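This report refers to the structure that appears directly beneath it.
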Number of protein chains: 2
Amino acid sequence: MEKISEFTVRRLSNYYRILLDLEKRGIPTVSSARLAELGGITSAQVRKDLSYFGNFGTRGLGYSVTELKNAIVEILGLNRQWTMALFGAGSLGHALFFHEGFREDGFYFKHVFDVDPKKVGTKWNDVDITHQRNAEEVLRRDPVHIAVVATPPEAATDIIELLVRAGTKGILNFAPTQLTVPDGVWLRNVNLAVALESLSFYLSM
Amino acid sequence: MEKISEFTVRRLSNYYRILLDLEKRGIPTVSSARLAELGGITSAQVRKDLSYFGNFGTRGLGYSVTELKNAIVEILGLNRQWTMALFGAGSLGHALFFHEGFREDGFYFKHVFDVDPKKVGTKWNDVDITHQRNAEEVLRRDPVHIAVVATPPEAATDIIELLVRAGTKGILNFAPTQLTVPDGVWLRNVNLAVALESLSFYLSM
DNA sequence: TAGATTGTTAATCGATTAACAATC
DNA sequence: TAGATTGTTAATCGATTAACAATC
């Protein structure tokens, strides 16, 4: 397979959400031009993105909403369950754990780790909050696909190292810490401050 | 001023955080090569990014950590207070409201809006939670620089419209809704599902 | 001075867009 | 068939990197 850029993958996520909405509204087909309009991009971009993965449309007619949605579900790997472990049971961790959209997409939390003795031993839904010192052992015994790091920045580096040792292959990091991972491990950073600072930059102009 | 890309602005945010850390560790100077190493990019990229805004270094010696940090603070507009309004007092809104890093950077919430009668009338710290139907009036009387939207996706479109009417110029949107704003209004989207779907895509390969 | 490192220009790389033959 | 729209190639645009003169 030709190398797929992160840009393309992010747009696929967007097409997926747009198609879900069209399907809910009972719209049977969509053209690349309409999909582009709804996504705020060009129709050439839409067709180019899809062309990496196959031919999903019909010339003259466009795309079947349901078929294209199902194809993107396959491409993004959303046709199965993804297990996750949460590090950090603070307010951000809480928001992520209880975020409806994740479970609907097939992502669900199996483990929660924290260092706060007041939290360790309690439960969120039916998931125990475990002390972080046991995380490596727990994840070796009962691995997850993805770890979500929502701890203070100082804690993130150690957590990444234990995750690599435990064999976790996907990491979503919310801590504003520069992290590196070996080949074969996928790391995505979400930095809330960066988005705000981009606004303050453009608002200052 | 030459047009500055969003890529450059995001890297400036990163340089800022790296420089804060170097300063805290008492390191007086840094070269573009070292800054690049810490940020996981190339030294040419660092020098190019900075060159849009001025000459901050000394040939042969590199950059003064404190001076460069202060210069970036100016560039990003972090040398002042930014007022914000939060829409949606759910668990994500709660996490954002109580997020330490924002206030440290000069961003703070002045208003919180929600539609839940159980929440309206209560307070977070010293900020009243107000019914969303009064948001436009409140924001006209007491405007903010930035609105943060952490509501269900169905609510986002109406909120964006009221914000535009109220004259709010910066919007940080967490709702997975395709939104458009007129010229002069800056919108940034943060979509948590997109980051996870990018992981599931690459993990599926 | 000699070594180090910036600031900037030119070259490269990769992503987006335009254009159009294929075809429903 | 005629009009519409895909899939793909080539052209364009913009971002990154290499290279190096300037200079501390």
Side-chain angles (χ1 to χ4, degrees), chain A residues 1-15 18-19 22 27-72 74-75 194 198 201-202, chain B residues 1-15 18-19 22 27-72 74-75 194 198 201-202:
Chain A
M1 183 158 71
E2 201 174 336
K3 189 168 165 299
I4 306 302
S5 85
E6 179 72 14
F7 295 105
T8 293
V9 177
R10 283 219 287 262
R11 284 190 299 265
L12 287 174
S13 283
N14 271 309
Y15 303 150
I18 293 168
L19 290 163
L22 291 174
I27 294 165
T29 62
V30 68
S31 66
S32 60
R34 178 72 182 131
L35 203 42
E37 193 190 349
L38 293 169
I41 56 174
T42 66
S43 66
Q45 186 70 271
V46 171
R47 295 197 301 279
K48 182 77 174 167
D49 285 337
L50 296 176
S51 75
Y52 294 118
F53 303 98
N55 300 355
F56 305 107
T58 309
R59 288 165 202 241
L61 297 176
Y63 304 88
S64 150
V65 166
T66 298
E67 278 175 30
L68 184 56
K69 187 211 69 182
N70 289 339
I72 293 177
E74 287 275 331
I75 293 165
V194 168
S198 161
F201 172 81
Y202 288 103
Chain B
M1 181 158 73
E2 202 174 336
K3 190 169 166 299
I4 306 301
S5 86
E6 179 71 14
F7 295 105
T8 292
V9 177
R10 284 218 287 258
R11 283 190 299 264
L12 287 173
S13 284
N14 270 311
Y15 304 151
I18 292 167
L19 290 163
L22 292 173
I27 294 166
T29 61
V30 68
S31 66
S32 60
R34 178 74 182 130
L35 203 42
E37 194 189 349
L38 293 169
I41 55 174
T42 66
S43 67
Q45 185 71 271
V46 172
R47 296 197 300 279
K48 181 77 173 168
D49 285 338
L50 297 175
S51 75
Y52 294 120
F53 303 100
N55 301 353
F56 305 108
T58 309
R59 284 162 205 245
L61 299 176
Y63 304 87
S64 150
V65 167
T66 299
E67 278 174 31
L68 184 56
K69 188 211 68 182
N70 290 339
I72 293 177
E74 287 274 330
I75 292 165
V194 169
S198 162
F201 172 80
Y202 288 103

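Quick note on labels: first sequence line is chain A, next is B, and so on, each numbered from 1. On a predicted model such as this, the values are computed, not experimentally measured, just so you know.
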| request: Kindly compute the distance separating CD (Glu37(B)) from OG (Ser43(B)), expressed to the nearest 0.5 Å. | output: 11.0 Å
| Among the nucleotides dT8(C), dA19(C), dA15(D), which one has an atom lying closest to any side-chain atom of Phe7(B)? | dA15(D)
| request: Could you state the atom-to-atom distance from CD of Gln45(A) to P of dA15(C) in whole Å? | output: 10 Å
| task | For the residue pair Arg47(A) and Ser51(A), confirm or rule out a side-chain donor-acceptor distance under 3.5 Å. | result | no
| field | Side-chain N,O (Thr42(A)) to OP1/OP2 (dT17(C)) below 4.0 Å | value | yes
| said: Measure CD1/Ile41(B) against P/dT17(D) and give the value in whole Å, please. | reply: 8 Å
| request: Identify whether any heavy atom of Ser5(B) sits under 4.0 Å from a base atom; if not, whether one sits that close to sugar-phosphate; answer base, sugar-phosphate or nothing. | output: sugar-phosphate
| request: Could you check which nucleotide pairs with dA4(D) in any of the strands shown, counting Watson-Crick or G-U wobble with both distances under 3.5 Å? | output: dT23(C)
| task | Determine whether Ser31(A) and Tyr63(A) make a side-chain contact, defined as any pair of heavy atoms from C-beta on separated by less than 4.5 Å. | result | no
| query | Side-chain donor or acceptor of Arg59(B) under 3.5 Å from a matching atom on the base of dT5(C)? | reply | no
| message | Around atom CD of Glu67(A), are there more than 12 heavy atoms from other residues, nucleotides or ligands closer than 6.0 Å? | response | no
| Atom-to-atom span, CD of Glu37(B) to C1' of dT5(C) - whole angstrom | 15 Å
| said: Whether Tyr52(B) contacts dA15(D) is assessed here as follows: a side-chain N or O lying under 4.0 Å from the phosphate OP1 or OP2. Is that the case? | reply: no
| query | Just one of Val65(A), Val46(A), Ile41(A) clears the side-chain contact (heavy atoms from CB on, under 4.5 Å) bar with Leu35(A), so which one? | reply | Val46(A)
| message | Let's test this: given Watson-Crick or G-U wobble pairing with both distances under 3.5 Å, identify the partner of dT9(C). | response | dA18(D)
| said: I need the CG-C1' distance between Asp49(A) and dT8(D), as an integer number of Å. | reply: 14 Å
| remark: Of Arg47(A) and Thr8(A), the one whose closest nucleotide on DNA chain C sits nearer the 5' end is Thr8(A)
| According to a strict under-4.0 Å criterion, is Tyr63(A) in side-chain N/O contact with OP1 or OP2 of dA4(D)? | no
| Closest nucleotide among dT8(D), dT8(C), dT6(C) to the Asn55(A) side chain | dT8(D)
| What nucleotide, of dT8(D), dT8(C), dC24(C), holds the atom closest to the side chain of Ser51(B)? | dT8(C)
| In terms of side-chain heavy atoms of Arg11(A), which of dT17(D), dT16(C), dT8(D) is nearest? | dT16(C)
| note | Separation of dC13(D) atom C1' from Lys3(B) atom NZ, nearest Å, is 12 Å
| Nearest-Å distance for atom pair CG/P, residues Leu50(A) and dT16(C) | 14 Å
| note | To the nearest angstrom, the CD-C1' distance between Glu6(A) and dG14(C) comes to 15 Å
| message | Tell me the interatomic distance from Lys48(B), atom NZ, to dA10(C), atom C1', rounded to whole angstroms. | response | 10 Å
| query | Side chain of Ser31(B): nearest nucleotide among dG7(C), dT5(C), dC24(C)? | reply | dT5(C)
| Closer than 4.0 Å, any side-chain N/O of Ser32(B) to the OP1 or OP2 of dT6(C)? | yes
| note | Of the candidates dA18(C), dT6(C), dA18(D), the side chain of Ala44(A) sits closest to dA18(C)
| task | For Thr8(A) and Tyr52(A), work out which heavy atoms get closest and say how close. | result | OG1-CE1, 3.9 Å
